[in-house]
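These notes are about the structure you will find just below.
On a predicted model such as this, the values are computed, not experimentally measured, just so you know. Remember, it's 1-based here, ligands and their atoms both numbered in the order they're listed.
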Amino acid sequence: MDSVIEDVRVRKILDSRGNATVEVDILTWNGFGRAAAPSGASTGSREVVAFPDGGVDKIISEVEDLISSELIGMDAEDIADIDLVLKEIDGTDNYASIGGNTTVAVSMAVSKAAAASYNLPLYKYLGGNLVNEIPYPLGNMMNGGAHAGVNAPDIQEFLIVPVGANNITEAVFANSSVHKKLKELIQTKDSLFTGGKGDEGGWIPNVSNDVALEIQAQACEEVGDEIGIKISPALDMAASEFWDANQEKYIYSQDNVSRDTGDQIEFVKDIIETYNMIYVEDPFDEADFDGFKELNSLVGDKCFVCGDDIFVTNKEILAKGIEMNAANAIIIKPNQIGSLSETYATVKLAKENDVAPVVSHRSGETTDETIAHLAVAFGAPLIKTGALGGERIAKLNELIRIEEELSNPIMVKLDK
Ligand SMILES: O=C(O)[C@@H](CO)OP(=O)(O)O
Ligand SMILES: [Mg+2]
């Protein structure tokens with residue numbers, strides 16, 4: 001009774017890139033939940049459709065009433081049924097008619113309303129009372145590729161993990177210190193640097209991929225020494241973005257080099273070993289399961305080899321990856337798959353097979369903090385949500401609040 005849905009509101013709001021997205025309010029008899037959908041720039045081709053033609057305006061004018069007339073009277077606790085109803089309203093297998101961004105925002109808002117109806121925070125409502133592990137934040141330090149301008153490195157994200165941090169506050173401040181240090185280091189290598197930042201708040205240096213890797217490692221070491229904890233470098237290469245299917249090569253335009261899959265395996269392995277990378281995401285094109293498999297067999301014991309565009313939070317595609325042993329980690333982005341229950345099914349399959357779920361933001365974000373709760377509820381070892389910028393710190397600061405609320409919080413144990 002407490003969680004019966006009484007009202008559904010959908011509105012058009014801004015995201016961090018200045019594009020339109022949806023925000024959904026769900027009112028129950030005794031609670032309220034609000035969630036907004038993010039959006040990607042380097043999207044996997046098998047992600048569900050974000051919005052149909054007509055965009056958010058079509059959702060407001062044509063879809064809001066359809067959704068609210070179905071959902072009002074349903075119990076927000078019945079998230080699996082609600083997600084099915086949304087799928088039925090949509091009627092396609094990839095949310096092409098009402099948009100996965102619409103359905104994911106409804107799905108998350110419904111769960112938040114259900115939690116609020118019983119006066120529980122979302123992480124506790126979903127994860128249970130015994131949940132006490134905090135994920136390490138993968139902080140975004142420098143941006144290239146589709147998240148930056150023309151003269152930036154081809155590698156999309158130079159990330160770090162403060163693996164020695166004892167709590168989330170120490171972790172997020174370690175990340176912001178490395179971000180500050182990198183500003184100084186970039187200035188020594190790039191005389192034209194104006195302090196420009198990419199979509200996720202990382203700096204955009206006008207340097208080669210190699211120089212970026214070097215200063216990334218230097219910043220980790222110097223700040224790590226200053227504050228007395230280990231900080232490890234990590235990458236999201238987003239390699240689908242610079243894979244040329246005709247030439248069958250990875251094109252590094254900033255360095256004037258192209259690499260076939262064999263060269264790419266060697267190149268990435270070498271980077272991982274030289275810099276002790278703890279995590280590398282999308283080192284190959286989304287269709288290159290064999291490249292993933294080979295790299296995972298070479299370095300999977302010491303590095304998270306993580307699939308984003310290759311798996312798109314899709315349980316069936318992950319099953320193929322598990323069968324091939326293509327990766328030991330998977331990016332979890334609820335809007336790639338369109339609902340909370342489908343997201344959970346993928347997380348469950350990953351965990352059952354020792355594939356680490358890494359809950360992630362998108363490059364276009366809002367101040368919605370839901371993924372902080374999902375990461376804790378799912379027991380994710382890592383959360384990827386930037387380091388700075390209002391829409392990024394919304395999640396990081398929420399993790400600080402969650403940690404404060406827990407009676408016996410611990411940082412999750414990383415097995416790399
Ligand atoms: O590639 C990624 O992992 C994400 C987030 O960092 O970018 P986008 O949202 O553009 O897909
Ligand atoms: Mg990625």
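Distances below 4.0 Å separate heavy atoms of Ser42 from the following atoms of ligand 1: 1 (O), 7 (O), 8 (P), 10 (O), 11 (O). Of all the atoms in ligand 1, the ones that sit under 4.0 Å from a non-hydrogen atom of Glu157 are 1 (O), 2 (C), 3 (O), 4 (C), 5 (C), 6 (O). Numbered from 1 in the order shown, with element, the atoms of ligand 1 that lie under 4.0 Å from a heavy atom of Asp236 read 1 (O), 2 (C), 3 (O). Below 4.0 Å from some heavy atom of Gln156 lie the following atoms of ligand 1, by number and element: 1 (O), 2 (C), 7 (O). Of all atoms in ligand 1, listed by their number and element, those nearer than 4.0 Å to a heavy atom of His147 are 7 (O), 8 (P), 10 (O). Of all atoms in ligand 1, numbered sequentially from 1 with element shown, those under 4.0 Å from a heavy atom of Lys384 are 2 (C), 3 (O), 5 (C), 6 (O). The ligand atoms of ligand 1 that sit less than 4.0 angstrom from a heavy atom of Arg362 are 8 (P), 9 (O), 11 (O).
Ring geometry for Phe242 against Tyr250 counts as perpendicular: the plane angle is over 60°, on a 0 to 90° scale with 30° as the lower cut.
Under the 3.5 Å distance criterion, with hydrogens and angles disregarded, a donor-acceptor pair is assigned to the side chains of Ser341 and Asp83. Residues Thr370 and Asp368 bring a donor and an acceptor atom of their side chains to less than 3.5 Å of each other. At a cut-off of 3.5 Å, with distance as the only test, no side-chain donor of Ser39 or Asn19 sits close to an acceptor on the other residue. Side-chain contact, Arg362 with Asn335: a donor N or O sits under 3.5 Å from an acceptor N or O.
Heavy atoms of Ser363 found under 4.0 angstrom from ligand 1 belong to the backbone as well as the side chain. With a 4.0 Å cut-off on non-hydrogen atoms, Glu281 touches ligand 1 through its side chain and not its backbone.
A heavy-atom separation below 4.0 Å is not found between Ile331 and ligand 1.
In terms of protein heavy-atom proximity, atom 4 (C) of ligand 1 is closest to Lys333 NZ, 3.2 Å. Closest to atom 5 (C) of ligand 1 among all protein heavy atoms lies Glu200 OE2, 3.0 Å.
Here the angle centred on the Mg ion (ligand 2), running from OD2 of Asp308 over to OD2 of Asp236, is 170°, rounded to 10°.
A salt bridge links Lys348 with Glu352: the distance from a Lys NZ or Arg NE/NH1/NH2 to an Asp or Glu carboxylate oxygen falls below 4.0 Å. A salt bridge links Lys302 with Glu273; the closest basic N to acidic carboxylate O contact falls under 4.0 Å. One finds no salt bridge joining Lys58 and Asp53 here, because no Lys/Arg side-chain nitrogen approaches an Asp/Glu carboxylate oxygen to under 4.0 Å.
Considering backbone and side-chain N/O of Ala41, one or more are found under 3.5 Å from N/O of ligand 1.
Checked against the 6.0 Å centroid threshold, Phe267 and Tyr252 count as a close aromatic pair.
Closest to the Mg ion (ligand 2) among the N, O or S atoms of Glu281 is OE2.
The minimum heavy-atom distance between Asn408 and Asn132, with the atom names listed, is O-ND2, 2.9 Å.
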